[in-house]
Amino acid sequence: MPNGSAFLVALGASEGRGALLINPLLAPLEIANRIADANVGAVFTTAALAKGLPPDLTHVLLDDAPRSARVIAGGEHRDVDLGAHFGLTLEGDPDVPGSEEEAVIVYMPKTSGSRPAAVLTHRLLLHNARAAATATGMTTSDRMLSVLPFTDQSGLTLTLIAPLLAGAHVEPAEHLEPARIAQRLRSGEITLFAGIPETYLALLEELDRQG
């Protein structure tokens, strides 16, 4: 499944809910159902991905970030100068335990009904990511090629948060290209890779084809 490298980030209208991560490859009706179920108040996305959103939903387009953003609400739009705001720093203590505050809402692909599979806290995400980084021996010299969607709990934890905590590089892959992946793994350009069983089967078939 392609990562898409971008996803919809929806914020709940009421306090106490995390951000809802939505796979933009879902059908518009499924996206609308999840947005309604999570009581979403606004969505942060890009113009291309906004086409799948309910037309009356407030959304913020980040195509021109970090310079500016466009807020669309009630059929009107307003441009916000992001350069006039204080910038964010991503540096911090990698060993903080994290709070019990809800961070993200994750739906599983085969979740029955419209209920979210899990509401994950900051503490849980950090704990799982550190465990993954330790188990795989991630270091600052590693480079992760991510083909798992970040809207999936495994993709989010194993192929995004864990390598970033370890100081590694993360490269999202928009398409699954077994021949290209095999070549980059062989050359050492990519040192970390994770996928679902079908991903590995495709890669093994390509390696077998190459002899």
Side-chain angles (χ1 to χ4, degrees), residues 1-66 69-75 77 80 82 88 98 101-126 128-129 132 144-164 170-176 194-196 198-199:
M1 179 178 183
N3 193 314
S5 74
F7 49 84
L8 308 176
V9 179
L11 301 183
S14 58
E15 295 182 2
R17 299 300 299 272
L20 172 65
L21 305 183
I22 308 174
N23 191 330
L25 300 180
L26 293 174
L29 179 59
E30 182 65 16
I31 292 176
N33 288 338
R34 295 188 179 187
I35 283 174
D37 181 69
N39 192 28
V40 166
V43 172
F44 290 79
T45 184
T46 62
L49 299 182
K51 297 176 182 178
L53 296 175
D56 58 343
L57 181 67
T58 298
H59 53 284
V60 181
L61 302 181
L62 301 174
D63 297 81
D64 295 324
R70 171 163 291 189
V71 181
I72 301 177
H77 71 266
V80 179
L82 299 180
L88 297 176
E101 182 181 3
E102 297 167 348
V104 296
I105 303 171
V106 177
Y107 283 76
M108 298 300 289
K110 297 182 180 180
T111 300
S112 60
S114 60
R115 299 305 304 169
V119 179
L120 309 177
T121 66
H122 293 271
R123 185 184 300 273
L124 180 63
L125 285 173
L126 288 171
N128 290 346
M144 167 70 78
L145 178 66
S146 178
V147 298
L148 293 174
F150 296 149
T151 51
D152 174 79
Q153 185 172 348
S154 297
L156 179 66
T157 304
L158 178 61
T159 68
L160 180 62
I161 302 177
L164 291 181
V170 177
E171 178 185 334
E174 294 190 10
H175 304 286
L176 179 61
I196 58 176
E198 288 79 3
T199 305

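- Annotation for Asn23 and Pro149: closest pair ND2-CB, 4.2 Å, computed over non-hydrogen atoms.
- Put simply, the side chain of Leu61 does not reach to within 4.5 Å of the side chain of Val71, judged on heavy atoms.
- Between Ile31 and Leu53, the closest side-chain pair of non-hydrogen atoms falls below 4.5 Å.
- Between Val147 and Ala173, the shortest heavy-atom distance links the atoms CG1-CB, 3.7 Å.
- Counting all heavy atoms, side chain and backbone alike, Ala129 lies closest to Ile161 at CB-CG2, 3.5 Å.
- The shortest distance between side-chain heavy atoms of Thr199 and Ile196 falls below 4.5 Å.
- Among residues two or more places apart in sequence or in another chain, the side chain to side chain contact (heavy atoms under 4.5 Å, CB included) test is passed with Glu101 by Ser99, His122.
- In this structure the side chain of Leu21 never reaches within 4.5 angstrom of the side chain of Phe150, judged on heavy atoms.
- Applying the side chain to side chain contact (heavy atoms under 4.5 Å, CB included) rule to Ala73 yields the partners Thr58; only residues at least two apart in sequence or on another chain are considered.
- Using a 4.5 Å cut-off on side-chain heavy atoms (C-beta onward), Ser146 and Leu160 make no contact.
- No side-chain heavy atom of Thr159 sits less than 4.5 Å from a side-chain heavy atom of Val170.
- In this structure a side-chain-to-backbone donor-acceptor pair under 3.5 Å is missing from Asp64 to Ala69.
- Side-chain contact between Leu57 and Val43 is present, with at least one heavy-atom pair separated by less than 4.5 Å.
- Proximity of a side-chain donor or acceptor of Arg123 to a complementary backbone N or O of Gly98 within less than 3.5 Å is detected.
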Would you sort out whether Thr157 and Leu125 count as a side chain to side chain contact (heavy atoms under 4.5 Å, CB included), showing the intermediate values?
CA-CA 7 Å; Thr157 304; Leu125 285 173; 4.1 Å; yes
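- Of the candidates Asp37, Thr151, Val104, Ile105, Ile105 is the only one forming a side-chain contact (heavy atoms from CB on, under 4.5 Å) with Leu20.
- Across every non-hydrogen atom of Ala47 and Asp63, the tightest pair is N-OD1, 2.9 Å.
- In this structure, the separation between NZ on Lys51 and OG1 on Thr46 is 9.5 Å, given to the nearest 0.5 Å.
- Nearest heavy-atom pair across Leu148 and Ala194 is CG-O, 3.9 Å.
- Residues Leu26 and Arg34 approach most closely at CD1-NH1, 3.5 Å, considering heavy atoms.
- The backbone N or O of Gly75 lies less than 3.5 Å from no partner atom in the side chain of His77, so there is not a single donor-acceptor pair.
- Considering only heavy atoms from C-beta on, Leu120 comes within 4.5 Å of Gln153 through its side chain.
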Does Val106 form a side chain to side chain contact (heavy atoms under 4.5 Å, CB included) with Asp152? I'd like the steps, not just the answer.
CA-CA 7 Å; Val106 177; Asp152 174 79; 5.9 Å; no
